[in-house]
Structure formats: C-alpha cells, structure tokens
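Remarks on the structure that follows.
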Amino acid sequence: MDNARFADQIQQGCRALGVTVGEDVPAKLHRLMGELLKWNAKVNLTAITAEEEVLEKHFLDSLAVLPEVEGAGSVLDVGAGAGFPGLPLKMARPSLAVTMVDAVGKKVGYLKAVVAVAGLGLTGTKAVHSRAEGKPDAEGLPRADRVIARAFMDLPDWLDLAPAYLAPGGHVVAMLGKALGEDELRAQAEKRGLTVVSARAYRLPFSGAERQVAAFAKRE
C-alpha cells in the first residue's frame, strides 16, 4: 500500500472513530508497518499480516482509545506484544511517556529496536521485558496515569492486576471485544474497590468489528 493511500485510509478511519491525529502521523505509522512486517518474517509478532488488516485491526483499533488517554502524562501498556496500543498512541500524542511491558523476550527485542528507529518520534518510550504480576517496584515498572491492555486477559483478571500500577488519580483502561453491559462492568469494578469512569462501544470503520473500551478508577 503506497503512502498516499495509507494516509487517506488512516485519516478516513480516524474521522469515523471521532479521533484526530497530526498530519505527520500516517507516514510514521506506514513506516512502523514496514518494520512490523519485516520483523514478523523472522519473529512471530502478529498473525495479522495483510496491510489493510494491520492498518485497521492494529493501528486504528489503538487510536480508537485516544479519548481514554487524553490528559494523561503517562501510559503503561501491559502485555504490549507488538506494541499495540502503545506505539500508535505515542505517535498520536508525542507528549505521552509510554512504557510497554511484555513477558516474551523476542517481542521486547522488536519493541526496543523500533523505539530506536530515527524519525518515528518514539523518544520517551520504553520497552521492558518482565511478567506483570502486580509488583511494579520489583518488576522495574512505573506507576502510570493510564494502565492499558488490549485483549491481554479476561476483564476480572485485568481488574485484579492493573490497579497496582496506577499513579494517583489514574485510570485502568480495558480494551474489550464484545461489549459488556453496564451492570456487569459496575459489578466487576465494585468487587475490587473500583468505579466505572466511562464505557463505550464502537466499531472498526472498515470491517465493522465490534469493540468496547472501559475505564476504571480506584474508589475514593
């Protein structure tokens, strides 16, 4: 996919999702796609390899949660895998301090290599090889304003784990597939001393695939 068509698809998708990115972001994402697919030929990073699917199911799906990270200074992406949503979020909001953690060394090796690529605008981004088990100090992980995961584990397990990494006033963000009802989200939160800050369902703009994102805070 050439740069112009790629950029058009990114901007079209962002408009459909109700988010905005700078004019320089599509070119950076296009280059990131090249790195991802090049590395994926050697290291198993993702089963999604068609360029149109990478654009939608990795890049646009990551950018869809920009409303949940607006106003934050830092993001911790747990179970980051090939860097989603952390890398696109950083490209879209350069002021974010983004830390990505994964237990698979080869994936972290890829993330460190990508962070070092000149021109991608990833200064202030870190990749950490660790298994997140709720002990940030021992794991060398920061506490962040937004602790986010995409299809990393079931929601109850995620809500058990993630609050340990929250900075004061921060939010746990869960990127989900099929939408859960408000009552279920509230019940899962209340069991863990959390409150539901927001929950919204959306569809990916080209495939129509259903998604939901929910944000939670510690009860004061």
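In what follows, residues are counted from 1 in the order of the sequence shown.
There is no path of hydrophobic side-chain contacts, each under 4.5 Å, that joins Leu161 to Ile148. Connection of Val69 to Leu17 is established within a shared hydrophobic cluster, with ILVMFWY side chains joined at heavy-atom distances below 4.5 Å, either directly or through further cluster members. Grouping the Ile, Leu, Val, Met, Phe, Trp and Tyr side chains by contacts below 4.5 angstrom, directly or via other members, places Leu89 with Met175. Neither Phe152 nor Val75 shares a network with the other; the hydrophobic side chains, linked directly or stepwise wherever heavy atoms of I, L, V, M, F, W or Y lie under 4.5 Å apart, form separate groups for each. Under the 4.5 Å side-chain heavy-atom criterion for Ile, Leu, Val, Met, Phe, Trp and Tyr, Val65 and Phe216 are members of distinct hydrophobic clusters.
The two residues Asp2 and His30 come nearest to each other via the heavy atoms C-NE2, 4.0 Å. Summarising the geometry of Leu29 relative to Ile10, their closest heavy-atom pair is CD1-CD1, 3.9 Å, with the distance given to 0.1 Å. Nearest heavy-atom pair, Val172 versus Trp158, reported as atom, atom and distance to 0.1 Å: CG1-NE1, 3.4 Å. Of all non-hydrogen atoms in Ala149 and Val78, the two that sit nearest each other are CB-O, 3.7 Å. Nearest heavy atoms, Glu68 versus Ser198: OE2-OG, 4.3 Å. Residue Leu55 comes nearest to Met1 through the heavy atom pair CD1-SD, 3.9 Å, listed as atom of the first residue, atom of the second, then distance.
Judged by distance alone, with hydrogens and angles left aside, the side-chain atoms of Arg31 form no donor-acceptor pair with the main-chain N or O of Ala27 at under 3.5 Å. Although no hydrogens or angles enter the test, the distance criterion places no donor-acceptor pair under 3.5 Å between the side chain of Thr99 and the main chain of Leu76. One N or O on the side chain of His129 and one on the backbone of Ala103 form a donor-acceptor pair closer than 3.5 Å. At distances below 3.5 Å, at least one donor-acceptor pair connects side-chain atoms of Asp102 with backbone N or O atoms of Val104. In this structure, Gln9 contributes its side chain and Glu52 its backbone to no donor-acceptor pair below 3.5 Å. Tyr202 places no side-chain N or O within 3.5 Å of a backbone atom of Gln212 that could act as its donor or acceptor partner.
Distance OH/Tyr110 to CG/Leu36: 4.5 Å, rounded to 0.5 Å. Interatomic distance, CG of Leu185 versus OG1 of Thr195, reported as 12.0 Å (0.5 Å rounding). Atoms CD and CG, from Gln188 and Asp160 in turn, are 8.5 Å apart once rounded to the nearest 0.5 Å. With rounding to the nearest 0.5 angstrom, the OG1 atom of Thr46 is 7.0 Å from the CZ atom of Phe84. With rounding to the nearest 0.5 Å, the separation of CG in Leu87 from CG in Leu120 is 8.5 Å.
A salt bridge between Arg143 and Asp137 is present, with a side-chain N of the basic residue lying under 4.0 Å from a carboxylate O of the acidic one. Ion pairing between a basic and an acidic side chain is recognised when a charged N comes within 4.0 Å of a carboxylate O; Asp8 and Arg5 show no such pairing. Ion pairing between Lys57 and Glu53 holds under the 4.0 Å rule for side-chain N and carboxylate O.
Inter-residue side-chain proximity for Arg150 and Arg211 is flagged as unmet; no heavy-atom pair is nearer than 4.5 Å. Residues Pro85 and Asp77 form a side-chain contact, since some pair of their non-hydrogen atoms from C-beta on lies under 4.5 Å apart. Side-chain contact between Glu51 and Leu37 is present, with heavy atoms from C-beta onward closer than 4.5 Å. The shortest side-chain heavy-atom distance between Thr20 and Cys14 does not fall under the 4.5 Å cut-off. Here the side chains of Lys112 and Val108 are in contact, with some heavy-atom distance below 4.5 Å.
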| request: Using the side chain to side chain contact (heavy atoms under 4.5 Å, CB included) rule, take Leu194 and Lys218 through it: C-alpha gap first, then chi angles, then the decisive distance, then the call. | output: CA-CA 4 Å; Leu194 303 171; Lys218 290 181 179 178; 4.0 Å; yes
| task | Start with the C-alpha distance between Lys107 and Leu45, add both sets of side-chain angles, then the distance that settles side chain to side chain contact (heavy atoms under 4.5 Å, CB included), and finish with yes or no. | result | CA-CA 6 Å; Lys107 293 181 178 179; Leu45 298 170; 3.8 Å; yes
| field | Residue pair Val54, Thr49: steps toward the side chain to side chain contact (heavy atoms under 4.5 Å, CB included) verdict | value | CA-CA 6 Å; Val54 171; Thr49 56; 5.7 Å; no
| message | Using the rule given for side chain to side chain contact (heavy atoms under 4.5 Å, CB included), can you reason through Gln12 versus Phe206, listing the C-alpha separation, both sets of side-chain angles and the distance that settles it, and then say yes or no? | response | CA-CA 10 Å; Gln12 182 182 336; Phe206 304 125; 3.6 Å; yes
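Counting heavy-atom neighbours within 6.0 Å of Arg200 CZ, excluding the residue itself, gives a total above 12. Other residues, nucleotides and ligands place more than 12 heavy atoms under 6.0 Å from the NZ atom of Lys42. Under a cut-off of 6.0 angstrom, the local environment of CD in Glu70 is crowded, with over 12 non-hydrogen atoms contributed by other residues, nucleotides or ligands. Summarising the local packing, CD of Glu190 is surrounded by more than 12 heavy atoms from other residues, nucleotides or ligands at distances under 6.0 Å.
Side-chain polar atoms of Arg15 and Gln11 form no donor-acceptor pair below 3.5 angstrom.
A side-chain contact (heavy atoms from CB on, under 4.5 Å) with Lys90 is found for exactly one of Val115, Thr123, Leu122, namely Leu122.
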